[in-house]
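Single-structure report; data block below.
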Amino acid sequence: MGARIGIIGAGQVGAAAGYLLSATPGISQIVLVDQNEARAAGEAADIGHAAAFGTAARVSEGDYVDLAGASVVVITAGASLKPGQTRLELLHQNLKMTDTIIGQVLKVAPDAVLLFATNPVDVMPSIAVHRYGLPPGRAIGTGCSLDSIRFRDRLADYLGVAAPAIHAYVLGEHGDSSVPHWSSAQIAGMPVTDFAAQLGRPIDAAMQAQIAEEVRTSAYRIKAGKGVSNFGIGGCIARLVKAIVADEQSVFAVSTCMPELLGVRDTCVSLPHLIGARGASAPFMPRLNAEETEALRASAALLSSTIADGLQSLQKA
């Protein structure tokens with residue numbers, strides 16, 4: 001018997017994640033929950049028809065009670081970015097709704113791993129940890145796992161190599177203060193800059209800045225073109241859920257709550273974690289150069305302030 005997965009929010013992101021998860025080995029049931037029951041029912045039927053071509057996953061619409069026994073509950077519900085808006089600006093639009101969702105989920109699936117894709121994705125895990133007492137490893141933000149893939153994809157395109165050959169991470173906020181970890185990026189066991197130089201495609205400081213900016217603004221450009229960014233994050237969600245269900249202990253740059261980082265208290269940023277059946281491990285702190293250290297500290301401080309603001313707002317409600 002495979003795992004049961006819940007998805008809260010049957011919009012474009014939830015539907016993309018559900019579709020990809022329907023073809024994921026080890027998953028037998030996917031439950032879509034949405035305030036718009038007709039939307040959830042329609043997406044469940046459509047995804048289920050696709051799944052029937054090659055997998056046995058059962059896809060259905062449901063309510064919170066149907067999440068009982070779920071291994072993972074993915075939370076995608078909420079307002080999405082509008083042109084010119086940052087992820088942190090969505091805080092007060094999505095905060096109370098996410099708080100309510102967490103409470104409802106934990107009533108029926110107290111042992112589930114919660115995976116957050118609702119923006120600001122680095123703030124939402126703190127609600128589960130600070131207001132509901134969930135262990136940090138069971139409240140995971142997709143964080144910079146998508147940014148890291150975008151980083152590798154951009155490097156792969158520039159260098160003309162396969163993305164899986166590149167080991168590179170983005171750390172910090174899933175947003176404008178993200179930190180591409182250039183000093184640890186590697187190909188063929190050597191620094192990516194050394195590999196690029198030998199290939200005749202050098203990556204100087206200007207090119208690093210250009211690539212970093214392109215990675216940070218990927219979602220904005222996608223939304224400008226098609227109105228929504230759903231397949232990239234849907235694929236990210238599906239990959240993380242697969243790692244949890246299969247107890248892979250694979251490494252991903254996800255965000256979890258941490259009591260202190262680089263002198264910043266109570267923050268939630270992306271660092272490398274092992275992902276398996278119990279959720280995320282404690283974060284691993286990679287070696288950083290001086291510039292990266294200061295950038296990560298600034299990102300952590302920005303999120304610490306935003307988290308404090310959000311929690312204070314909920315306490316007053």
Side-chain angles (χ1 to χ4, degrees), residues 3-9 13-14 17 31-35 62-79 87-88 90-143 145 173-174 237 240-241 244-245 252 254-261 264-271 273 275-283 300 303-317:
R4 174 181 295 183
I5 306 300
I7 299 177
I8 312 297
V13 172
V31 181
L32 300 181
V33 179
D34 197 287
Q35 286 183 328
D63 207 337
Y64 286 101
V65 67
D66 300 302
L67 301 176
S71 302
V72 185
V73 175
V74 181
I75 300 174
T76 73
R87 293 174 178 88
L88 294 183
L90 290 173
L91 176 66
H92 293 291
Q93 284 178 265
N94 290 336
L95 195 65
K96 292 181 182 178
M97 178 202 62
T98 303
D99 182 54
T100 300
I101 288 171
I102 294 169
Q104 293 293 323
V105 169
L106 292 178
K107 285 180 183 177
V108 296
D111 299 321
V113 174
L114 303 188
L115 179 62
F116 294 89
T118 298
N119 278 315
V121 71
D122 305 304
V123 175
M124 299 309 176
S126 68
I127 303 174
V129 172
H130 292 290
R131 285 177 61 83
Y132 294 91
L134 214 64
R138 283 181 44 215
I140 305 169
T142 53
S145 49
E173 178 202 0
H174 174 55
I237 291 167
L240 291 171
V241 171
I244 295 168
V245 169
F252 294 93
V254 296
S255 53
T256 63
C257 292
M258 50 197 77
E260 186 273 337
L261 178 69
V264 177
R265 301 283 302 171
D266 294 322
T267 190
C268 183
V269 299
S270 285
L271 289 173
H273 295 70
I275 302 295
R278 299 176 67 180
S281 69
L303 284 167
S304 176
S305 175
T306 307
I307 288 168
D309 181 30
L311 292 174
Q312 185 176 33
S313 175
L314 286 173
Q315 288 168 0
K316 289 179 180 179

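Keep in mind that this is a model prediction, so the values were computed, not measured.
Every side-chain hydrogen bond (donor to acceptor under 3.5 Å, both in side chains) that S255 has, sequence neighbours left out, goes to D122. Remark: S304 engages V264, T267 in a side-chain contact (heavy atoms from CB on, under 4.5 Å) (not counting sequence neighbours). When the side-chain hydrogen bond (donor to acceptor under 3.5 Å, both in side chains) test is applied to D63, no partner is found at least two apart in sequence or on another chain. Not counting sequence neighbours, the partners of S281 by the side-chain contact (heavy atoms from CB on, under 4.5 Å) test are H273, L274, F284.
M258 places a side-chain heavy atom less than 4.5 Å from the side chain of L271. Side-chain contact check for I102 versus I75: some heavy-atom pair is nearer than 4.5 Å. Counting heavy atoms from C-beta on, the side chains of I8 and Y64 come closer than 4.5 Å. In this structure the side chain of L240 never reaches within 4.5 angstrom of the side chain of I140, judged on heavy atoms. The shortest side-chain heavy-atom distance between I5 and V245 falls under the 4.5 Å cut-off. Within the 4.5 Å cutoff, the side chain of N119 has heavy atoms near those of the H174 side chain.
A donor-acceptor pair is defined here as one N or O able to donate and one able to accept, closer than 3.5 Å; no such pair exists between the side chain of R4 and the backbone of V31. A donor-acceptor pair under 3.5 Å links the side-chain atoms of T76 to the main chain of G9, judged by distance alone.
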(Q) Run M124 and L114 through side-chain contact (heavy atoms from CB on, under 4.5 Å) and show every step you take. (A) CA-CA 10 Å; M124 299 309 176; L114 303 188; over 6 Å; no
Q) Under the side-chain contact (heavy atoms from CB on, under 4.5 Å) criterion, do L115 and V241 qualify, and how do the steps go? A) CA-CA 8 Å; L115 179 62; V241 171; 3.9 Å; yes
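What you find for I101 and A77 is that their closest heavy atoms are CD1-CB, 3.9 Å. Residue L261 comes nearest to A300 through the heavy atom pair CD2-CB, 4.1 Å, listed as atom of the first residue, atom of the second, then distance. Scanning all heavy atoms of the two residues, the minimum distance from L95 to G310 falls at CD2-O, 3.2 Å.
Rounding to the nearest 0.5 angstrom, the gap separating the CG atom in L303 from the CG atom in D266 is 12.5 Å.
Residue Q35 qualifies as open at atom CD: its count of foreign heavy atoms under 6.0 Å is 12 or below.
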Sequence neighbours excluded and cut-off under 3.5 Å, please list the side-chain donor-acceptor pairs for residues 126-138, or say none.
unit_1, atom_1, unit_2, atom_2, d
S126, OG, V123, O, 2.5
R131, NE, D99, OD1, 2.9
R131, NH2, D99, OD2, 3.2
Y132, OH, D99, O, 3.0
Y132, OH, D99, OD1, 3.1
R138, NE, A112, O, 3.2
R138, NH2, P110, O, 2.4
R138, NH2, A112, O, 3.1

